[in-house]
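Ligands are counted one by one from 1 in listed order, and the atoms in each one are counted from 1 as well.
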Amino acid sequence: MTDKALHKPLVFSGVQPTGNLHLGNYLGAIKNWVPMQDEMPCLFCVVDMHAITVWVDPAELREKTREIAAAYIACGIDAERAIIFPQSRVSAHAELAWILNCVARVGWLNRMTQFKEKAGKNRENASVGLYAYPVLMAADILAYRATHVPVGEDQKQHLELARDIAQKFNNDYGVEDFFPQPEPLILGPTPRVMSLRDGTAKMSKSDPSEFSRINLSDSNDDILQKIRKAKTDPEPLPDTPEGLEARPEAANLIGIFAALSGRSRESIVGQYAGAQFSGFKSELADLTIATIGPIRDRMQRLLKDKAALDQILERGADRAREITRPVMARIREIVGFLG
Ligand code: TYM
């Protein structure tokens with residue numbers, strides 16, 4: 001049988017256990033994972049090895065890893081159907097990352113915009129891990145020969161790199177179809193949720209302002225206050241989607257409304273044409289609370305039983321390892337490592 005004949009549809013995605021999970025992670029990624037469980041096998045990883053590319057307190061890392069697993073389940077991921085696991089518990093990720101480090105080119109990594117943003121001015125002092133981070137991400141995906149990768153828009157460049165690495169591996173080793181070309185799935189009306197304080201900056205776990213993001217752990221009152229204080233402009237809401245073009249804050253709030261309600265931007269713009277922000281914001285707050293509130297409550301309940309979460313993660317790692325075993329055996333053979 002050829003390698004291509006062995007390609008099977010499979011979803012892989014992940015979230016880093018750092019900072020607080022926010023509305024961007026939910027609307028840009030996790031929400032879109034839920035329906036995929038009915039369509040193909042899914043692996044949803046808590047990428048703790050990615051988290052240590054910058055300093056993180058070990059006790060906090062353990063807690064955050066459980067928190068992300070609880071969030072996945074609270075958002076509707078079923079730990080029986082999908083595989084939920086911590087990256088560090090499946091050694092194939094690290095092993096394949098090393099092999100792929102030897103395939104990826106320095107010039108390719110030098111183009112990664114996220115490294116430039118995260119390393120900032122002090123590039124010389126960034127960890128080697130932060131620089132090589134996109135290669136580990138490629139390994140995450142390729143260790144399972146995953147075909148579909150649902151992510152927010154900010155991960156697009158990393159996905160393109162994973163495709164280039166897969167292609168170069170196949171070419172260099174003359175195994176034309178060994179790795180599939182993983183398909184980025186950038187879905188929904190808000191593949192890029194923006195900060196509530198600045199409509200031109202991404203909503204991010206690392207933004208120092210709590211008012212820039214809605215966390216999945218926020219109380220109803222926090223959500224209300226953050227939406228009330230969200231930056232807007234002095235004009236009323238526009239009556240056509242084109243009217244949002246030079247108005248990043250209004251466009252962001254309309255996008256969030258559309259994603260939460262499952263409606264199109266056009267229909268939201270139509271409904272609030274010419275309205276003031278205050279009434280719109282209060283309905284947006286109600287909608288956000290109606291979505292995030294139950295997720296937060298489920299998360300809190302799940303986090304009370306750490307042993308149960310650890311068991312889910314351990315069992316997930318066992319299942320994930322099973323999938324990587326034959327893939328890694330074949331990779332070692334292709335590369336020329338003794339079997
Ligand atoms: P991370 O932890 O930064 O984010 C997790 C997911 O949330 C999406 N996201 C957003 N979507 C819309 N608007 C936003 N403001 C926003 N902020 C974050 C991200 O695009 C992502 O889908 N490197 C990845 C994790 C990773 C991964 C992988 C993903 C590691 N290995 C393999 C897919 C496949 C990351 O740091 O995501």
Side-chain angles (χ1 to χ4, degrees), residues 10-33 36 42-54 56 61 64-65 67-68 71-72 75 77 85-88 90 92-94 96-97 100 112-115 117-118 129-130 132-163 165-166 182-207 212-216 248 251-252 255-256 259-260 320:
L10 191 144
V11 170
F12 186 98
S13 201
V15 175
Q16 286 196 58
T18 42
N20 277 314
L21 267 182
H22 54 68
L23 196 61
N25 301 127
Y26 177 65
L27 295 177
I30 307 174
K31 181 176 196 275
N32 302 319
W33 301 352
M36 291 181 185
C42 292
L43 289 123
F44 298 120
C45 186
V46 185
V47 291
D48 52 356
M49 287 159 65
H50 276 93
I52 63 165
T53 54
V54 294
V56 45
L61 181 61
K64 289 279 169 196
T65 299
E67 209 174 290
I68 303 286
Y72 287 177
C75 290
I77 303 300
F85 72 105
Q87 182 185 32
S88 59
V90 181
H93 293 252
L96 184 56
L100 299 183
M112 295 295 114
T113 53
Q114 203 173 74
F115 173 73
E117 282 161 26
K118 284 201 176 174
L130 187 66
Y133 165 123
V135 182
L136 177 59
M137 183 163 159
D140 297 339
I141 299 163
L142 297 174
Y144 303 87
R145 305 208 304 170
T147 52
H148 296 75
V149 186
V151 284
E153 203 193 55
D154 61 326
Q155 295 300 320
K156 194 168 168 217
Q157 195 186 34
H158 292 160
L159 255 295
E160 280 159 9
L161 182 85
R163 290 167 67 91
I165 292 174
E183 203 58 57
L185 300 178
I186 297 170
L187 304 166
T190 49
R192 193 174 183 84
V193 177
M194 309 309 277
S195 157
L196 299 181
R197 305 302 302 157
D198 174 0
T200 63
K202 191 181 72 167
M203 184 178 282
S204 150
K205 292 172 195 157
S206 54
D207 193 315
S212 69
R213 68 182 158 261
I214 291 171
N215 300 314
L216 297 193
N252 187 37
I256 293 173
L260 287 170

Check whether any side-chain heavy atom of [X] lies under 4.5 Å from a side-chain heavy atom of [Y], and answer yes or no.
| X | Y | result |
| --- | --- | --- |
| N252 | V193 | yes |
| P184 | K156 | no |
| Q87 | H50 | yes |

**Request:** Could you name the protein residues that come within less than 4.0 Å of ligand 1, counting only heavy atoms, and order them by chain and residue number?
**Result:**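 Lining ligand 1: F12, S13, G14, V15, Q16, H22, G24, N25, G28, A29, V47, H50, Y133, M137, D140, I141, V149, V151, G152, D154, Q155, P191, R192, V193, K202, M203, K205.
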
**Message:** Which residues pass the ring pair (Phe, Tyr, Trp, His ring centres under 6.0 Å) test with H93, not counting sequence neighbours?
**Reply:** F85, Y144

**Partner set under ring pair (Phe, Tyr, Trp, His ring centres under 6.0 Å) for F44, not counting sequence neighbours** = W33

**Item:** Pair listing, side-chain hydrogen bond (donor to acceptor under 3.5 Å, both in side chains) test, anchored in residues 193-203, at least two apart
**Value:** D154-K202, D198-T200

